[in-house]
Novice: 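One structure, pasted below without further comment.
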Amino acid sequence: MAQKTVLITGATRGIGKGIAVAFADAGWIVYGTGRNLSDTAWAAEKKVILKQADVADQPTMAAIMQEIKDKHGRLDCLINNAGVASNTPASGLGDEEISKIIDTNFRAVFTCCQSYYKMQRKSGGGNIINISSVLGLVGTSLASVYSGTKGAVISMTKALAIEWAGSGFRVNAICPGFIDTDMTEMIKKRESLMQKMLDYIPLKRLGTPEDIAAPALMLASEGAAYITGQAIVVDGGLTAM
Ligand SMILES: NC(=O)c1ccc[n+]([C@@H]2O[C@H](COP(=O)([O-])OP(=O)(O)OC[C@H]3O[C@@H](n4cnc5c(N)ncnc54)[C@H](OP(=O)(O)O)[C@@H]3O)[C@@H](O)[C@H]2O)c1
């Protein structure tokens with residue numbers, strides 16, 4: 001059987017890297033993107049092909065998708081993972097930071113979905129997994145615009161799942177809780193904040209990139225053929241309370 005192919009945005013580190021390694025280990029041909037490709041020797045070992053690209057650069061992202069399709073004849077799955085966080089009080093957010101968060105976390109997710117759809121619609125459809133966040137479902141301090149973009153990704157996922165279902169597409173989201181990556185460095189560095197966080201998480205640990213890779217693999221599998229328009233929460237029980 002021909003190998004399946006996946007493109008993961010923001011795969012140079014963190015959750016995206018975890019997803020890339022898991023798909024490679026499961027026998028997929030894996031492509032990833034990121035702006036900074038230094039410190040990615042792991043990718044060659046896992047035969048993950050990394051492309052340098054800003055996810056907000058729509059023509060470049062569309063060209064990468066087409067290049068994969070031309071080379072392998074297929075792009076079975078797109079995982080929109082690249083994202084930026086912010087720890088700024090709402091009153092202090094300036095135009096530049098607001099635009100960066102919205103452009104990376106929402107606008108680029110939409111334009112990547114759109115480019116993928118346009119490429120795949122005559123090939124029987126495709127499979128999209130958007131990485132949102134529990135902060136798209138619940139609020140917290142210092143994350144106003146970030147939360148807004150992640151909530152918007154969930155709503156957009158549901159809307160696209162409905163609009164594109166008839167063309168053979170499935171579109172789902174994963175909502176990670178607090179995961180041990182560079183993005184949570186600020187929390188990990190402050191012992192009292194970290195302890196407070198763990199007190200709130202029923203499973204009493206941060207998640208790992210592998211905890212997110214497992215449901216991504218499930219959603220990408222044939223077994224998930226009847227799952228679309230869903231936001232799967234993977235948070236150690238944080239939002240169950
Ligand atoms: N960690 C958490 O607790 C957590 C919780 C909920 C949701 N999430 C979401 O999960 C996703 C991954 O987060 P993470 O924790 O793995 O973050 P991370 O460790 O900071 O990694 C972010 C990844 O996104 C890439 N990226 C950022 N901006 C980009 C851009 N403009 N163009 C291309 N790539 C870009 C980065 O690569 P370069 O720097 O090389 O560009 C990197 O590979 C994000 O969408 C985040 O919002 C994370």
Side-chain angles (χ1 to χ4, degrees), residues 7-22 30-40 42-43 48 50-61 64 78-87 96-97 99-113 128-140 142-143 145-154 156-157 173-189 193-194 197-198 200-201 203 205-213 215-216 231-236 238-239:
L7 173 63
I8 304 156
T9 69
T12 51
R13 54 198 163 88
I15 291 172
K17 174 183 171 185
I19 295 173
V21 170
V30 181
Y31 283 80
T33 68
R35 292 161 304 176
N36 178 4
L37 303 192
S38 58
D39 207 18
T40 53
W42 61 270
V48 170
L50 291 176
K51 302 268 178 192
Q52 187 174 26
D54 188 318
V55 79
D57 178 353
Q58 194 263 334
T60 299
M61 292 306 298
I64 289 172
L78 166 69
I79 303 184
N80 288 306
N81 166 77
V84 287
S86 151
N87 293 299
E96 202 177 316
E97 190 173 5
S99 296
K100 185 180 169 200
I101 302 165
I102 294 174
D103 287 351
T104 310
N105 294 4
F106 179 71
R107 193 182 165 81
V109 174
F110 176 73
T111 53
C112 282
C113 288
I128 299 172
I129 302 168
N130 295 324
I131 305 300
S132 175
S133 170
V134 288
L135 296 183
L137 298 166
V138 300
T140 189
L142 306 182
V145 174
Y146 177 83
S147 286
T149 59
K150 292 299 183 177
V153 165
I154 295 170
M156 181 183 69
T157 297
I174 296 175
C175 299
F178 289 90
I179 309 300
D180 190 354
T181 69
D182 293 347
M183 198 173 269
T184 43
E185 209 53 51
M186 197 272 294
I187 299 171
K188 289 180 281 182
K189 274 200 299 224
L193 186 61
M194 178 69 182
M197 181 65 67
L198 293 179
Y200 277 111
I201 302 172
L203 290 182
R205 65 171 176 87
L206 296 185
T208 63
E210 293 72 29
D211 289 324
I212 307 304
I232 296 179
V233 177
V234 186
D235 69 350
L238 179 67
T239 54

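In each ligand, atom 1 is the first atom listed, and ligand 1 is the first ligand listed. Side-chain atoms are counted along with the backbone in the values below, which use heavy atoms only and exclude waters and symmetry mates.
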Novice: Taking only residues two or more places apart in sequence or in another chain, which ones pass side-chain hydrogen bond (donor to acceptor under 3.5 Å, both in side chains) with Arg205?
Specialist: Asp211
Novice: Decide, yes or no, whether a salt bridge links Glu97 with Lys100 under the criterion of side-chain N to carboxylate O below 4.0 Å.
Specialist: no
Novice: Can you name the ring-ring contact (aromatic ring centres under 6.0 Å, His included) partners of Phe178, sequence neighbours left out?
Specialist: none
Novice: Is the closest side-chain heavy-atom distance between Val145 and Ile102 below 4.5 Å?
Specialist: yes
Novice: Are any non-hydrogen side-chain atoms of Pro176 and Val234 less than 4.5 angstrom apart?
Specialist: no
Novice: Please list, by chain and number, the protein residues whose heavy atoms come under 4.0 Å of ligand 1.
Specialist: Gly10, Ala11, Thr12, Arg13, Gly14, Ile15, Gly34, Arg35, Asn36, Ala53, Asp54, Val55, Asn81, Ala82, Gly83, Val84, Thr104, Ile131, Ser132, Ser133, Tyr146, Lys150, Pro176, Gly177, Phe178, Ile179, Thr181, Asp182, Met183, Thr184
Novice: Can you list the residues that meet the salt bridge (Lys or Arg N to Asp or Glu O under 4.0 Å) rule with Asp39, with sequence neighbours excluded?
Specialist: none
